[in-house]
Amino acid sequence: MQEKKKHYVRPLNIKNGKIEMNYGAGGKASAQLISELFAKYFNNEYLMQGDDGAYLPAAEGHIVMATDSHVVSPIFFSGGDIGSLSVHGTVNDVSVCGAKPLYLSAGFILEEGFPLADLEKIVKSMAEEAKKAGVYIVTGDTKVVEKGKGDGIYINTTGVGVVPKGIHLSGANCKPGDVIAVSGDIGDHGIAIMSQRANLGFETEIQSDSASLNSMTEALVKEIPSLRCMRDPTRGGLGTTLNELATQSKVGMKIEEAKIPVKEQVTAACEFLGLDPLFVANEGKLIAICGPEDAEKMLEIMRANPLGKNAQIIGTCVEDENCFVQMETPFGGTRMVDWLSGEQLPRIC
Amino acid sequence: MQEKKKHYVRPLNIKNGKIEMNYGAGGKASAQLISELFAKYFNNEYLMQGDDGAYLPAAEGHIVMATDSHVVSPIFFSGGDIGSLSVHGTVNDVSVCGAKPLYLSAGFILEEGFPLADLEKIVKSMAEEAKKAGVYIVTGDTKVVEKGKGDGIYINTTGVGVVPKGIHLSGANCKPGDVIAVSGDIGDHGIAIMSQRANLGFETEIQSDSASLNSMTEALVKEIPSLRCMRDPTRGGLGTTLNELATQSKVGMKIEEAKIPVKEQVTAACEFLGLDPLFVANEGKLIAICGPEDAEKMLEIMRANPLGKNAQIIGTCVEDENCFVQMETPFGGTRMVDWLSGEQLPRIC
Amino acid sequence: MKYISEYRDSAIAKEITKKIAEEVRPERTYRLMEFCGGHTHVLSRYGLENILPKNVEMIHGPGCPVCVMPIGRIDSAIELAVKHHVILCTYADTMRVPASGGISMMKAKAQGADIRMVYSVSDAYKIAKENPDKEVVFFAIGFETTTPPTAVVLKQAKAENIKNFSVFCNHVLTPAAMKHILNNPNGVKIDGIVGPAHVSTIIGSDPYKELAEKYKKSVVVAGFEPLDMLQAILMLIRQINDGRAEVENEFIRAVKPEGNVKAINLMKEVFDIRDSFEWRGLSSVPYSALKLSEDYAFFDAEKRFDLPYRRVPDNKACECGAILRGEKHPSDCRAFGTVCTPETPIGSCMVSSEGACAAYYTYGRRTKK
Amino acid sequence: MKYISEYRDSAIAKEITKKIAEEVRPERTYRLMEFCGGHTHVLSRYGLENILPKNVEMIHGPGCPVCVMPIGRIDSAIELAVKHHVILCTYADTMRVPASGGISMMKAKAQGADIRMVYSVSDAYKIAKENPDKEVVFFAIGFETTTPPTAVVLKQAKAENIKNFSVFCNHVLTPAAMKHILNNPNGVKIDGIVGPAHVSTIIGSDPYKELAEKYKKSVVVAGFEPLDMLQAILMLIRQINDGRAEVENEFIRAVKPEGNVKAINLMKEVFDIRDSFEWRGLSSVPYSALKLSEDYAFFDAEKRFDLPYRRVPDNKACECGAILRGEKHPSDCRAFGTVCTPETPIGSCMVSSEGACAAYYTYGRRTKK
Amino acid sequence: MCLAVPVQIIEVLPGDEAIAEIAGVKKTISTALIEDVQVGDYVILHVGYALQKIDPEEAQKTIQLFNSQVSA
Amino acid sequence: MCLAVPVQIIEVLPGDEAIAEIAGVKKTISTALIEDVQVGDYVILHVGYALQKIDPEEAQKTIQLFNSQVSA
Ligand code: SF4
Ligand code: SF4
Ligand SMILES: [Mg+2]
Ligand SMILES: [Mg+2]
Ligand SMILES: [Mg+2]
Ligand SMILES: [Mg+2]
Ligand SMILES: [Mg+2]
Ligand SMILES: [Mg+2]
Ligand SMILES: [Mg+2]
Ligand SMILES: [Mg+2]
Ligand SMILES: [Mg+2]
Ligand SMILES: [Mg+2]
């Protein structure tokens with residue numbers, strides 16, 4: 001990040017200032033934004049190198065790379081904001097691949113007129129969550145688009161992590177007989193976001209579950225020899241993620257509706273909105289699948305983590321050339337759980 | 001990337017189809033977009049793993065990570081498009097750090113209504129440029145925002161590369177006496193973009209210089225022992241990039257206006273628009289700085305590369321506690337070359 | 001959740017199911033039509049069809065307002081947004097219904113038409129007030145459930161003299177559609193009818209008497225929870241076994257014989273009955289839909305924008321019509337699950353979550369009998 | 001590039017510079033005012049000031065239309081966009097000029113006002129035609145260079161009867177400002193004047209005769225290329241050395257004594273001279289600006305939107321006024337380069353690339369004499 | 001479309017409005033279609049409007065009916 | 001603001017317009033302010049308008065003046 005000639009520049013007016021086009025032009029205003037905001041909060045030796053890319057210590061073993069752009073609306077929501085979400089989202093994608101997340105990049109697309117005060121809050125929250133997860137935000141980019149060509153702020157984060165030797169998880173690894181666990185109550189994130197959309201106008205105390213799961217994934221990777229794969233059921237929810245894994249591994253799945261943890265408030269909100277919690281987004285939940293021999297231990301490890309207290313074994317993998325996910329209802333009936341079709345509500349992550 | 005149950009889904013209507021909100025919802029439409037477009041063109045073993053992140057071979061030595069979001073308007077321009085630009089931009093940021101670029105992530109923010117045919121063109125062009133540069137697009141993400149919340153398409157690319165042992169370039173390495181080279185004519189990209197903005201309404205044959213510079217940077221890293229740093233003078237142009245390097249290395253710079261290669265058409269367009277070519281963006285040019293002992297060799301290596309035929313030594317680093325960049329004009333006068341102030345034209349990259 | 005959880009009790013469900021199994025007579029079939037898409041959805045969502053005895057066959061009726069809306073009506077709605085540049089407000093369910101020329105509201109929106117999904121008609125009205133310089137049209141669809149809210153807002157618009165708001169009225173009437181199906185001598189044969197839950201909270205259970213008395217069908221009005229559904233099926237089986245054709249009410253907690261008189265009077269004030277209205281699958285049904293009454297003609301989008309109704313034939317491959325009449329099953333359609341899926345629907349029944357094709361595709365493909 | 005490259009020849013430049021050095025008399029100073037911001041820019045851009053002899057002092061005049069526009073005028077323009085919700089079209093240079101209350105057009109735009117930068121007044125007119133339901137106002141600023149194009153478009157708007165287009169006219173007149181500076185007995189002392197290039201293509205060189213005859217100043221009209229500038233300086237030094245006060249024309253390739261008669265007539269038709277107009281730094285200057293003539297009053301944004309002029313004092317720290325009068329140098333301002341930079345300008349002279357402060361900051365900080 | 005949900009009135013507001021609740025989820029609804037709304041009442045909520053009150057005694061009867069069918 | 005550039009007319013268009021060129025850069029400009037525009041003429045272009053023609057003979061004189069000053 002470039003320092004600029006300090007005594008020539010008035011500091012940013014963070015309290016009342018707004019993003020103008022020149023903050024994205026690559027000149028002095030860009031440099032000032034970087035040094036007075038991004039570098040200030042993200043502050044770490046790699047970012048401070050100030051080159052076009054970050055020069056980083058070698059990683060032993062395989063590396064994992066994952067990316068997500070975040071366009072959530074509203075940008076501040078109960079339980080988080082677009083900044084914390086952008087850290088969690090990518091930390092989790094790296095972590096579920098069995099890797100220890102090390103580095104993040106941050107790419108901002110700001111809309112002309114976006115308040116600097118909001119940007120500061122978001123950057124601060126990214127910095128805090130990065131610190132909690134033990135990752136460094138090592139490189140970044142800022143673009144500014146004209147009013148009406150964005151929605152305040154979009155953030156891309158890309159993460160790099162390192163995989164311990166001998167580990168190679170994949171959604172393609174599941175076998176019939178494998179056991180499926182989810183780390184806690186589903187649907188919290190989606191419902192928290194929706195409850196804050198003005199046009200839906202309902203109120204809940206549900207908070208987004210947005211969180212970094214790397215402490216849980218690291219423990220699972222270490223302790224569960226038969227761990228096949230992990231995945232965070234974000235957009236599309238639990239239902240879609242199970243379908244992804246089933247398709248990838250060419251197995252079917254059988255889950256039990258009664259075992260799936262859902263908060264009553266989330267069920268209630270879903271009743272309001274005509275949604276199925278199975279397809280509502282999560283940002284701090286994990287699906288993990290292992291051999292039947294380790295099922296209990298997997299559950300124990302999940303539950304030992306503060307983010308996994310309500311973890312449950314919800315089903316097993318079965319043979320099925322159609323790769324269908326089926327759910328037994330409490331009534332003894334069975335129904336398919338298909339991929340999410342259409343969209344539930346847009347812009348939830 | 002997920003496959004979906006093939007026989008249940010009609011193929012995308014790429015010819016006439018448009019992006020709808022559900023393509024970003026993480027369900028079936030998202031999976032279809034991935035498999036019929038992204039996976040089809042980016043096709044490589046890492047991307048095909050289909051997990052939340054890509055599992056990649058270990059990198060020996062230090063790694064470099066760089067990110068850029070691309071918001072250029074128009075998205076198709078003479079000499080490239082937002083897709084090729086998004087590959088070049090990040091390949092170059094990784095390369096100028098002295099690294100061999102290996103992997104790219106691709107994060108798309110699509111506006112509802114964006115034509116699938118345009119998306120295909122862009123994805124194809126990304127795939128081609130990635131192949132040319134020898135990098136793999138290993139992981140991706142797609143978000144869709146409502147009509148009026150974007151501008152067709154924004155692309156973030158993040159790159160990872162590996163640095164040969166013993167190499168550590170940095171913009172902080174320059175010393176008084178060091179020699180500054182630029183790899184060719186400046187300002188082509190910015191002028192090519194501007195000439196295609198309807199409201200400016202001028203015509204030129206200038207094409208964007210957008211290109212991957214990694215073959216040139218690899219040769220320089222290998223052959224120039226005293227290589228201090230390299231940088232691609234993109235947004236802000238040559239003038240701003242030199243200021244960045246001067247500030248970072250705490251040196252001044254003296255350059256000669258007469259030595260700076262600029263096409264006559266670019267000069268002419270700048271006359272039209274009241275711009276200074278020094279601050280017009282490039283996407284396929286390199287600034288390289290080395291000790292005086294290697295100056296000739298540096299120029300030779302640049303010129304041996306098809307992208308560096310017009311390379312020039314344009315100046316040297318000097319002592320200056322103000323870190324000013326000064327330029328001798330052909331008239332014997334001297335003037336400062338400051339950072340770009342304000343913006344030239346928005347959304348050029 | 002009071003009045004929900006009790007009606008989802010799986011232990012009791014198993015008991016009722018057992019009773020059903022005990023009471024059905026093996027020598028006959030029970031062909032029961034659930035009129036309402038809400039009931040279709042419950043059957044699929046809770047996997048109830050596969051715990052019913054084989055000889056109890058559920059026939060899905062036309063009670064999905066999205067499904068029965070003919071293409072011409074969707075075309076007109078899109079025309080309002082595209083040609084007349086209005087802000088078109090609609091319940092989300094209609095967005096993906098295929099209209100003419102490969103378009104849908106969702107596609108029109110993606111191409112720039114200002115079409116907004118609303119949760120309630122009052123949201124549409126709010127949008128009109130917030131955009132006084134734009135015409136705002138509410139695409140009103142639905143049975144007697146969504147109709148009273150439309151009436152409330154129209155009354156308000158009249159009182160507040162809001163000039164830029166209007167309603168494209170496509171509200172339809174339940175009893176007319178039921179009778180139309182039973183009138184068809186070549187139509188589906190049914191033994192009993194599960195009567196609508198929420199429609200009946202408004203119109204009451206009395207209007208179904210004609211079905212029992214004139215058409216000799218057993219009728220049980222039922223709530224939308226799984227126990228309601230199972231109990232209603234049990235009650236229908238008992239009626240059929242007894243040879244009774246009566247109107248019984250399982251949903252007594254919310255349905256009175258006379259319905260909601262305040263809401264009924266409001267509807268009468270604001271709407272008039274159309275002489276005839278085209279339904280998808282049922283073609284023109286006499287006295288089966290509403291239009292704005294003379295007093296509210298000012299708010300009638302059909303008049304304000306001069307929208308003549310143009311009949312458009314359904315896609316030839318699509319069996320929605322026969323399915324809505326209860327004559328065919330989704331699996332009888334060759335397009336089902338191949339070219340027609342919720343992502344790329346051919347007909348309206350694959351769009352609404354209460355449509356038989358969508359319910360069957362989403363919940364049932366694997367488990368059809 | 002014909003008519004450019006020849007006038008940037010560095011070998012010839014060195015010769016003229018040598019001549020200048022030879023011909024200046026060491027015992028005296030030559031205080032030369034370049035009226036025009038374009039000349040100020042050329043001096044800085046090519047580093048000419050540091051190749052001139054020490055005793056040739058260039059004094060920057062008020063010839064930058066952005067710089068001389070007082071805050072009240074910018075406020076009114078912003079008011080058009082913010083309060084009257086017009087599409088305000090402006091040349092880019094004005095976007096960053098600080099207005100009252102910490103705002104600028106750029107900031108107002110960032111907050112949602114529809115302010116658009118245009119390359120030409122005809123682009124603004126095109127926007128008006130494309131947006132018939134919006135009022136479109138062109139913020140017309142500039143000397144006699146931009147004025148004739150504004151006149152062309154106004155004539156066209158009248159002929160085509162375009163109702164939603166109007167002009168907020170702030171065109172100012174060069175000779176009036178020159179005389180105003182020379183009229184001030186306590187003002188800057190100057191020996192010669194470099195006359196404007198492009199302004200003179202329109203008004204010709206004749207209007208400067210009064211400066212030579214009445215005010216006894218040497219005048220050389222000069223082109224905007226570096227050789228033009230150097231040659232004009234040489235010609236002024238020769239006049240001064242000879243004790244001549246004449247109007248000479250270095251820019252004969254484009255400036256005639258009588259100027260562009262067609263353009264002058266057009267301006268006369270479309271505009272009337274204001275009795276007085278406030279300039280930043282010069283306060284009220286009589287007969288120094290234009291307004292729309294009676295025949296074009298319909299297109300006058302000041303009338304259409306009832307925009308009274310409100311005088312707003314400049315920032316107290318800012319020396320723009322004295323700088324525009326040639327009485328101070330940017331480096332005399334305490335804010336220069338500390339709180340006032342092109343990124344965070346306090347005064348207008350730090351905004352336009354033709355402003356003395358901006359030119360000096362961007363090109364000259366290191367090399368000031 | 002026929003989505004509706006039983007909610008409890010927790011506050012009656014002027015202008016035919018009320019705040020309704022279900023399991024901690026709250027929403028302002030219209031009560032224009034029903035008469036004599038009291039705090040504590042349960043109503044059937046549909047597209048933002050209370051369609052009808054739920055009769056607690058009748059509800060009890062249905063539950064009893066269910067239970068009466070339970071085989072010993 | 002006073003930015004202007006000499007361009008050559010390469011095509012005269014109807015309606016007081018012309019295509020002008022400089023070093024391969026082309027632009028449609030207005031010639032409403034000048035009389036009798038011919039292909040090949042050079043004009044001073046400012047905010048899209050030709051302000052004045054450039055007189056080639058006078059230009060030559062200025063160049064000669066420059067050269068005449070060159071010290072032997
Ligand atoms: S599956 Fe599709 S095409 Fe077939 S009847 Fe249903 S909606 Fe129509
Ligand atoms: S430096 Fe800034 S404050 Fe000082 S005179 Fe110039 S514009 Fe005004
Ligand atoms: Mg991801
Ligand atoms: Mg993620
Ligand atoms: Mg994930
Ligand atoms: Mg960047
Ligand atoms: Mg959750
Ligand atoms: Mg970068
Ligand atoms: Mg880059
Ligand atoms: Mg770079
Ligand atoms: Mg993703
Ligand atoms: Mg270039």
Side-chain angles (χ1 to χ4, degrees), chain A residues 2-3 21-22 25-28 49-59 61-69 71 93-94 96-97 103 105 107 109 138-141 143 145-146 148-151 154 156 158 160 163 168 170-171 231 235-236 240 244 247-248 339-343 346-347, chain B residues 2-3 21-22 25-28 49-59 61-69 71 93-94 96-97 103 105 107 109 138-141 143 145-146 148-151 154 156 158 160 163 168 170-171 231 235-236 240 244 247-248 339-343 346-347:
Chain A
Q2 280 71 37
E3 267 182 47
M21 293 307 297
N22 61 334
K28 247 183 226 174
Q49 293 163 356
D51 288 307
D52 277 10
Y55 176 81
L56 305 163
H62 274 62
I63 63 175
V64 159
M65 189 174 179
T67 193
D68 265 322
S69 297
V71 300
D93 280 347
V94 171
V96 297
C97 294
Y103 310 120
S105 65
I109 298 178
V138 296
T139 191
D141 178 60
K143 293 292 186 301
V145 297
E146 298 89 350
K149 302 286 183 191
D151 195 14
Y154 298 146
N156 175 282
T158 302
V160 166
V163 189
H168 183 180
S170 165
R231 193 157 292 176
R235 280 185 297 180
T240 303
E244 282 175 24
T247 305
Q248 221 182 327
W339 301 62
L340 171 67
S341 165
E343 81 275 5
R347 311 269 305 277
Chain B
Q2 280 69 40
E3 270 181 45
M21 294 306 298
N22 62 333
K28 246 184 226 174
Q49 293 164 356
D51 288 306
D52 275 10
Y55 176 81
L56 305 163
H62 275 60
I63 63 175
V64 159
M65 189 174 176
T67 193
D68 265 323
S69 298
V71 300
D93 280 347
V94 170
V96 297
C97 294
Y103 310 119
S105 65
I109 298 178
V138 296
T139 190
D141 178 60
K143 294 291 187 301
V145 297
E146 297 89 351
K149 301 289 182 189
D151 196 12
Y154 298 145
N156 175 282
T158 302
V160 166
V163 189
H168 184 180
S170 165
R231 194 157 290 179
R235 278 185 297 180
T240 302
E244 283 174 24
T247 305
Q248 221 182 328
W339 302 62
L340 170 67
S341 166
E343 82 275 5
R347 313 268 305 277

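First the proteins, then the strands, lettered A, B, ... as listed; each starts at 1. Note: hydrogens, waters and symmetry copies are ignored here, and every other heavy atom, side chains too, is used.
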Toward chain A, the part of B:S170 with a non-hydrogen atom under 4.5 Å: both

Those residues that, when tested against A:S341, pass side chain to side chain contact (heavy atoms under 4.5 Å, CB included) (two or more places apart): C:P342, C:E343

Top of A:G236, A:S69, A:G148 for chain B proximity - count of heavy-atom pairs under 4.5 angstrom: A:S69

Contact leader toward chain B among A:V96, A:V163, A:V145, A:V94, where contacts are heavy-atom pairs under 4.5 Å: A:V145

Rounded distance [0.5 Å steps], CE in B:M21 versus CZ in A:R347: 7.0 Å

Euclidean distance, A:H168 NE2 relative to B:Q49 CD, rounded to 0.5 Å: 5.0 Å

Minimum-distance pair of heavy atoms, taken over all atoms of A:C97 and B:G53: SG-N, 3.2 Å

Over all atoms of both residues, closest heavy-atom pair of A:E244 and B:G26: OE2-O, 4.4 Å

Whether A:H62 and B:Y55 hold their rings parallel, tilted or perpendicular, with breakpoints at 30° and 60°: parallel

Under 4.5 Å from a heavy atom of chain B, the part of A:I63 involved: both

Check against side-chain contact (heavy atoms from CB on, under 4.5 Å), A:M65 and B:M65: CA-CA 11 Å; A:M65 189 174 179; B:M65 189 174 176; 6.0 Å; no

Heavy-atom pair count under 4.5 Å with chain A, highest-scoring of B:A25, B:G27, B:G61: B:A25

Distance-only side-chain donor-acceptor flag, B:D141 / A:T67, under 3.5 Å: no

Backbone N/O of A:G171 and side chain of B:D51: donor-acceptor pair under 3.5 Å: yes

